[in-house]
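Report on the following structure.
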Amino acid sequence: MLPSVIICLHDGDYGTGIAFLISIGVAIAVGGILALLGKSAGLRFQAREGLVCVGLSWIVLSLVGCLPFYLSREIPSFVDALFEIVSGFTTTGASILTEIESHSRGFLYWRSFSHWLGGMGVLVFILAVSRTGQKRQGFTMHILRAESPGPNVSKLVPKMKETARILYIIYIVLTVLDVIFLLAGGMPLFDAVCTAFGTAGTGGFGIKNDSIAGYSPYLQNVCTVFMLLFGVNFSCYYLLLLKEVKSVFKDEELRLYLGIVFGSIALITWNIYGMYESLGETVRHAAFQVSSIVTTTGFATTDFDLWPTFSKAILVCLMFCGACAGSTGGGIKVSRVLLLWKILKRNIRQVLQPRKVMVVRTNGQMVDEKILANTNAYLAAYVIIIVFSFLLVTLDGFSVTTCFTAVVACFNNIGPGLEMVGPTGNFAMFGGLSKIVLILDMLAGRLEIFPILILFTRSAWKKM
């Protein structure tokens with residue numbers, strides 16, 4: 001929060017600056033108490049501890065992180081302030097703000113920075129820069145696996161801690177490159193930094209009321225490219241550093257990801273052709289919105305809620321699909337879509353040949369049956385949570401499309417939905433219960449469901 005304090009002092013916004021200083025004091029106090037309570041903790045750290053630790057940590061971080069919004073009275077309601085910061089940390093980009101540009105720059109910086117911090121993972125960042133957990137066997141491994149997105153988290157190097165550092169180095173380098181390209185297009189420094197935070201974390205909080213629509217076509221194209229880059233599995237970048245280019249191009253998930261992106265752009269361009277002045281402008285808007293939705297960023301250059309039904313249907317499908325595993329994007333993940341397709345094919349074949357032993361392979365390697373079982377369990381939990389959340393949110397009385405896309409947009413960490421929660425709308429009109437449901441959806445979606453779901457089970461709290 002210190003950069004926000006400095007920005008507030010520079011702008012003479014002392015009220016918001018004091019709110020940040022109080023929040024920093026609360027964070028130090030909470031951290032100190034937890035450190036004292038954890039002094040006598042045991043050395044054993046298993047998967048259960050990792051899941052509970054990640055789930056509770058994100059809840060505590062969100063409660064502390066929303067304090068500057070609430071204490072400064074820039075967001076007078078605590079539930080609204082919590083909704084906004086959870087949307088930031090989970091890189092959702094759904095907002096309750098009806099007007100953005102009137103808020104202080106310190107407020108806007110913290111709001112955008114929450115995307116960057118949550119994109120790769122708050123606890124992954126801690127693992128990358130601190131000495132925490134060196135004495136606790138399994139600490140780093142279980143934390144990283146519980147917080148990182150995807151059906152399976154693999155090590156880039158033998159030590160998980162070094163893996164975390166490599167991931168963050170790649171993340172920082174790509175973010176800096178994004179800022180440089182934005183500055184080259186004439187974007188002011190503050191705008192470039194905040195936009196890069198939203199792009200890198202695939203979050204989507206803009207600092208303008210019209211999101212990215214007011215910027216030049218060059219700047220919009222830069223955002224399009226970098227959104228797609230941050231939607232790629234970061235392991236691919238590591239392989240490129242090792243000059244294993246063939247391995248990258250043979251990656252099935254990457255090829256499916258690019259196929260989905262370019263196929264969607266082509267179909268939407270064909271469907272909306274004639275709505276804009278030229279073919280170039282049509283392709284630019286189609287490419288931007290496909291990149292924004294499939295990577296679950298949520299930026300907008302146009303009101304896609306006015307597009308034909310076919311184009312909107314494609315965008316809704318992309319909301320479910322999401323980006324690659326091991327990226328900063330949300331959604332089901334392309335790797336899971338690929339696995340589910342292969343599981344379906346195998347099951348159909350087993351019906352025809354019940355005695356034949358069949359395995360699922362990706363990139364030429366056999367997939368462990370535990371991963372396949374976890375993928376099926378994830379899909380079941382995914383559907384159940386969306387159905388129950390949708391039913392609860394409909395109590396507010398809004399249209400089915402508004403309520404359903406609001407739940408899908410929050411659970412998949414996308415941001416905008418359709419109709420009242422479209423690119424020109426927001427989530428302010430929902431009641432307190434609906435906002436709490438959507439907050440839990442955002443947390444569950446970002447943490448791959450189980451770290452949040454396990455907090456509500458008795459077995460998670462029983463002594464072993």
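To the nearest 0.5 Å, the span separating CD1 on I314 from NZ on K312 amounts to 12.5 Å. Separation of atoms OH (Y237) and CG (L239) is listed at 12.0 Å; rounding is to 0.5 Å. The distance from atom CZ of F89 to atom CG of L61, rounded to the nearest 0.5 Å, is 6.0 Å. In this structure, the separation between OG1 on T195 and CZ on F299 is 5.5 Å, given to the nearest 0.5 Å. Between the CG atom in L315 and the CD1 atom in I293 there is a gap of 5.5 Å [rounded to 0.5 Å]. Between L372 atom CG and I343 atom CD1 the span is 4.5 Å, to the nearest 0.5 Å.
Residues forming a ring-ring contact (aromatic ring centres under 6.0 Å, His included) with F83 (at least two apart in sequence, or on another chain): F427. F288 pairs by the ring-ring contact (aromatic ring centres under 6.0 Å, His included) definition with nothing, not counting sequence neighbours. Partners of F181 under the ring-ring contact (aromatic ring centres under 6.0 Å, His included) rule, at least two apart in sequence or in another chain, are F226. Among residues two or more places apart in sequence or in another chain, the salt bridge (charged side-chain N to carboxylate O under 4.0 Å, His left out) test is passed with K345 by none. Every residue was checked against the ring-ring contact (aromatic ring centres under 6.0 Å, His included) condition with F310, not counting sequence neighbours, and none meets it. When the salt bridge (charged side-chain N to carboxylate O under 4.0 Å, His left out) test is applied to D251, no partner is found at least two apart in sequence or on another chain. Here E84 pairs with R111 under the salt bridge (charged side-chain N to carboxylate O under 4.0 Å, His left out) rule; sequence neighbours left out. With sequence neighbours excluded, the residues satisfying side-chain contact (heavy atoms from CB on, under 4.5 Å) with V225 are L229. Every residue two or more places apart in sequence or in another chain that forms a side-chain contact (heavy atoms from CB on, under 4.5 Å) with V245 is listed here: L240, F249.
Here the side chains of F230 and T297 are not in contact, with every heavy-atom distance at 4.5 Å or above. Side-chain contact between T202 and M227 is absent, with no heavy atoms from C-beta onward closer than 4.5 Å. In this structure, the side chains of L443 and T90 come closer than 4.5 Å at one or more pairs of heavy atoms. Residues I268 and Q289 fail the side-chain proximity criterion, which asks for heavy atoms closer than 4.5 Å. Considering only heavy atoms from C-beta on, R446 comes within 4.5 Å of W58 through its side chain. For the pair V290 and F262, the minimum side-chain heavy-atom distance is 4.5 Å or more. Put simply, the side chain of N426 does not reach to within 4.5 Å of the side chain of I96, judged on heavy atoms. Inter-residue side-chain proximity for T302 and M275 is flagged as unmet; no heavy-atom pair is nearer than 4.5 Å.
In this structure, N221 contributes its side chain and P217 its backbone to a donor-acceptor pair below 3.5 Å. Side chain of K435 to main chain of D80: no donor-acceptor pair is present (N/O by atom type, distance under 3.5 Å, no hydrogens or angles). Under the 3.5 Å distance criterion, the side-chain polar atoms of W461 are matched with a main-chain donor or acceptor of L455. At distances below 3.5 Å, not a single donor-acceptor pair connects side-chain atoms of D303 with backbone N or O atoms of P423. With hydrogens and angles ignored, the 3.5 Å screen pairs a side-chain donor or acceptor of S292 with a backbone N or O of G298. Checking side-chain atoms of N271 against main-chain N and O of S311 turns up a donor-acceptor pair under 3.5 Å. Without hydrogens or angle criteria, S327 side chain to G329 main chain gives a donor-acceptor distance under 3.5 Å. Under the 3.5 Å distance criterion, the side-chain polar atoms of N233 are matched with a main-chain donor or acceptor of A325. Without hydrogens or angle criteria, T301 side chain to H285 main chain gives no donor-acceptor distance under 3.5 Å. Under a 3.5 Å cut-off, the side chain of T457 and the backbone N or O of I454 do form a donor-acceptor pair.
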(message) Checking V248 against E244 for the side-chain contact (heavy atoms from CB on, under 4.5 Å) test, could you report, in this order, the C-alpha distance in whole Å, the side-chain angles of both residues, the deciding distance, and whether it holds?
(response) CA-CA 7 Å; V248 174; E244 296 185 21; 5.8 Å; no

(request) Test side-chain contact (heavy atoms from CB on, under 4.5 Å) on I386 and F320 and set out the steps. (result) CA-CA 11 Å; I386 283 184; F320 287 99; 4.0 Å; yes

(message) Go through it in stages, so that I can follow the logic: the residues are L318 and I260, the test is side-chain contact (heavy atoms from CB on, under 4.5 Å), and I'd like the CA-CA distance, side-chain angles, deciding distance and then a yes or no.
(response) CA-CA 9 Å; L318 294 178; I260 290 170; 3.5 Å; yes

(message) For a side-chain contact (heavy atoms from CB on, under 4.5 Å) check, start with the C-alpha distance between V407 and L438, then their side-chain angles and the critical distance, and finish with the verdict.
(response) CA-CA 7 Å; V407 170; L438 295 174; 4.2 Å; yes

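Salt-bridge formation is detected for the pair E448/K333: a Lys NZ or Arg NE/NH1/NH2 atom is positioned less than 4.0 Å from an Asp or Glu carboxylate oxygen.
A pairwise comparison of heavy atoms in T98 and A428 identifies CG2-CB, 4.3 Å as the closest pair. The minimum heavy-atom distance linking Y257 with V232 is given by the pair CE2-CG2, 3.7 Å. Shortest non-hydrogen contact noted between T328 and A200 is OG1-O, 2.9 Å. The nearest pair of heavy atoms linking I272 to A286 is CD1-CB, 4.5 Å. A pairwise comparison of heavy atoms in L182 and A196 identifies CD1-N, 4.1 Å as the closest pair. Minimum heavy-atom separation, T296 to G322: CG2-CA, 4.3 Å.
The six-membered or imidazole ring of F430 lies near that of F398, with a centre-to-centre distance under 6.0 Å.
Pairs of residues two or more places apart, or lying in two chains, that qualify as side chain to side chain donor-acceptor pair (under 3.5 Å) and include a residue from residues 115-125 are W116-T175. Residue pairs meeting the side chain to side chain donor-acceptor pair (under 3.5 Å) criterion with at least one partner in residues 209-218, sequence neighbours excluded, are E99-N209, D191-Y215. Annotation: side chain to side chain donor-acceptor pair (under 3.5 Å) contacts involving residues 386-405, sequence neighbours excluded, comprise S389-D441, D396-S434, S399-T402, S399-E419, T402-E419.
Checking N412 against Y382 by side-chain atom types alone, a donor-acceptor pair falls below 3.5 Å.
Between F197 and F113, the two ring planes are perpendicular [angle over 60°; tilted spans 30° to 60°].
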